[in-house]
Number of protein chains: 2
Amino acid sequence: MAEALSTALGKQGVVIDHTMCLADAAELTRQNTYDAILLDRRLPDGEGLDFIPKLRRSGIETPIIVLTAHNEPSERVTGLDTGADDYLGKPFLVEELMARLRAVLRRPAGLIEPQIVTGRMVIDPLHLSVAVEATPLELPRRELLVLVTLAKRRGRTVLRSVLEAAVYNYEEEIQSNALDAHISRLRKRLLDAGAGVTIHNIRGVGYLLKED
Amino acid sequence: MAEALSTALGKQGVVIDHTMCLADAAELTRQNTYDAILLDRRLPDGEGLDFIPKLRRSGIETPIIVLTAHNEPSERVTGLDTGADDYLGKPFLVEELMARLRAVLRRPAGLIEPQIVTGRMVIDPLHLSVAVEATPLELPRRELLVLVTLAKRRGRTVLRSVLEAAVYNYEEEIQSNALDAHISRLRKRLLDAGAGVTIHNIRGVGYLLKED
DNA sequence: CTTCGGGTAATGCTGCTGCAACGGTCGAGC
DNA sequence: GCTCGACCGTTGCAGCAGCATTACCCGAAG
């Protein structure tokens, strides 16, 4: 199931780290910062819901959506009251999951703006879409992710490592200057489209998106 | 329906203002501040969803849960993407509505990221970014590290050895006045940028960052 | 089969950064 | 107040790490 979801969401542009058990999940959440967590209930090493209070107690406020076959109303109540932000019973449409993800990400005001306006561009980080002067700009997935990550922190430097984490999950590792290549191609595309925006490099640190 | 809900929720201790139409709802939200809004779609004076963008545009961030008989997945997607925080199809249990209310109210109002404000600068030590009066200041890596460590302990003397440790790892060793050189170049850059901050030297001890 | 995304690698270039030299400054001790 | 020595500030220079760009190729999707 998780496999299927990964590829399905991957096509929507979402980058996913995936594990089979709670122990690994704990490790991942300790080391990374995620936009959201999708949680199943029935897991090899325990009940998924038990994970929620542990996470919250360690100060992590990442939104959690529980995905599960346990879909009785009473179970939904327990799930939500344990600390989940939303609860979606199987089977469900990927469409709806995406919509609920967007709803949940929209919430923490200031973390993710629904629309970013910069230069001549309008960027929607939730739907992963970009437009220049109201005409949509089609970008390959990885370049899109780079642009959105930069746009979310526009005007501030974005560490190279942050960009890498945003574009690649931990299974994909890059052995070359793939990221640089994406930046370069993205620059060209932004220029051709007249985006009114420039990507600066901070040598040894990262990149920075600035309006012209 | 609303009557039944009012009494049911009333028993749970919820206090409700209730209206039949969008016009009154607009009036109420203008004059009061609510913890949450429950919204039906089919209303005498229009589509309930149209109410959401109006509310958001007027700066009201109150969580909204849509309650409706329109319960196709595609309709749920539209509802959520219009700006609703949750979407619950009729019929539903009061139990579940309460749980979803709690989930929506629990959400943090936004995370404050730790940043240092000094002089005319804003420094984000986590993302290693610096801005003067909201315009980003691009600094080379080593100068950046110097500035951040000084800023973290601004107003207090920072030992020379501490600075060296912050800028160089134990494998790199310096046989010259490289650190002094960085300080010098950093000073110049801060001056040019009008950072409103000065780096003082404490002879034989270390350096000190002070606001002008 | 074609197209396009995207990873790799070679090439050239930019500018950071370590170094050293020199001049300036501070303060202790007389 | 003077002197001396240690410490600090500044700046030019050369080397090289890191980045930009481009061509190429593989593989997945249609």
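Every chain is numbered from 1, with letters handed out A, B, ... down the list of sequences.
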Check: B/Tyr87 and B/Thr68 side chains under 4.5 Å, non-hydrogen atoms = yes
Could you tell me the separation between the NZ atom of B/Lys188 and the C1' atom of D/dC8, rounded to a whole number of Å?
-> 19 Å
Expressed in angstrom and rounded to an integer, what is the separation of A/Arg142 atom CZ from C/dT8 atom P?
-> 11 Å
Look at all strands and tell whether A/Asn201 reaches a base, only sugar-phosphate, or nothing, counting heavy atoms closer than 4.0 Å.
-> sugar-phosphate
Would you mind reading off the distance between B/Glu143 atom CD and C/dG15 atom C1', rounded to a whole angstrom?
-> 12 Å
Verify the contact: side-chain N or O of A/Ser176 to OP1 or OP2 of C/dT8, cut-off strictly under 4.0 Å; return yes or no.
-> yes
Within the structure, does a side-chain N or O atom of B/Arg160 lie under 4.0 Å from either OP1 or OP2 of D/dC7?
-> no
Please determine if a side-chain N or O atom of A/Tyr168 lies less than 4.0 Å away from the OP1 or OP2 oxygen of C/dG6.
-> no
With sugar-phosphate meaning primed atoms plus P, OP1 and OP2, does B/Arg141 contact a base, only sugar-phosphate, or nothing at under 4.0 Å between heavy atoms?
-> sugar-phosphate
Gap between atoms CD and P, on B/Glu138 and C/dG15 respectively (whole Å) | 11 Å
Between the base of D/dT10 and the side chain of B/Asn177, is there any donor-acceptor pair under 3.5 Å?
-> yes
Out of C/dG5, D/dA20, D/dT10, minimum distance to the side chain of A/Pro140 belongs to C/dG5
Check ion pair A/Lys210-B/Glu138 (N to O, under 4.0 angstrom) = yes
Respond yes when some side-chain nitrogen or oxygen of B/His182 is under 4.0 Å from OP1 or OP2 of C/dC16, and no when none is.
-> no
If you look at every strand shown and take non-hydrogen atoms under 4.0 Å, does A/Ala178 touch a base, only sugar-phosphate, or nothing?
-> base
Look at the side-chain N and O atoms of B/Ser184 and state whether any lies under 4.0 Å from the OP1 or OP2 oxygen of D/dG9.
-> no
B/Arg189 side chain near C/dC16 phosphate (N/O to OP1/OP2, under 4.0 Å) = yes
Nearest-angstrom distance from the residue atom NE2 of A/His200 to P of C/dC16 = 14 Å
Partner of A/Tyr34 by side chain to side chain donor-acceptor pair (under 3.5 Å), out of A/Thr62, A/Thr29, A/Asp17 = A/Asp17
So, is A/Tyr207 close to the D/dA20 phosphate, meaning a side-chain N or O under 4.0 Å from OP1 or OP2?
-> yes
Whole-Å distance between D/dT21 P and A/Leu186 CG?
-> 11 Å
Using atom CG of B/Asp180 as one end and atom C1' of C/dG24 as the other, report the distance to the nearest whole Å.
-> 14 Å
With a 4.5 Å heavy-atom cut-off, do A/Glu96 and A/Val94 have their side chains touching?
-> no
Report the C-alpha separation of A/Asp85 and B/Arg102 in whole Å, then their side-chain angles, then the decisive distance to 0.1 Å, and conclude whether the salt bridge (charged side-chain N to carboxylate O under 4.0 Å, His left out) test is met.
-> CA-CA 9 Å; A/Asp85 291 275; B/Arg102 285 192 289 269; over 6 Å; no
Check whether any side-chain N or O of A/Arg185 sits under 4.0 Å from OP1 or OP2 of D/dT21, and answer yes or no.
-> no
B/Arg160 and B/Asp180: CA distance, side-chain angles, deciding distance, salt bridge (charged side-chain N to carboxylate O under 4.0 Å, His left out) verdict = CA-CA 10 Å; B/Arg160 197 187 185 81; B/Asp180 304 53; 2.3 Å; yes
Between D/dG18 (C1') and A/Ile183 (CD1): distance, integer Å = 14 Å
When only distance counts, do a donor and an acceptor, one from the side chain of A/Arg203 and one from the base of D/dC19, lie under 3.5 Å apart?
-> no
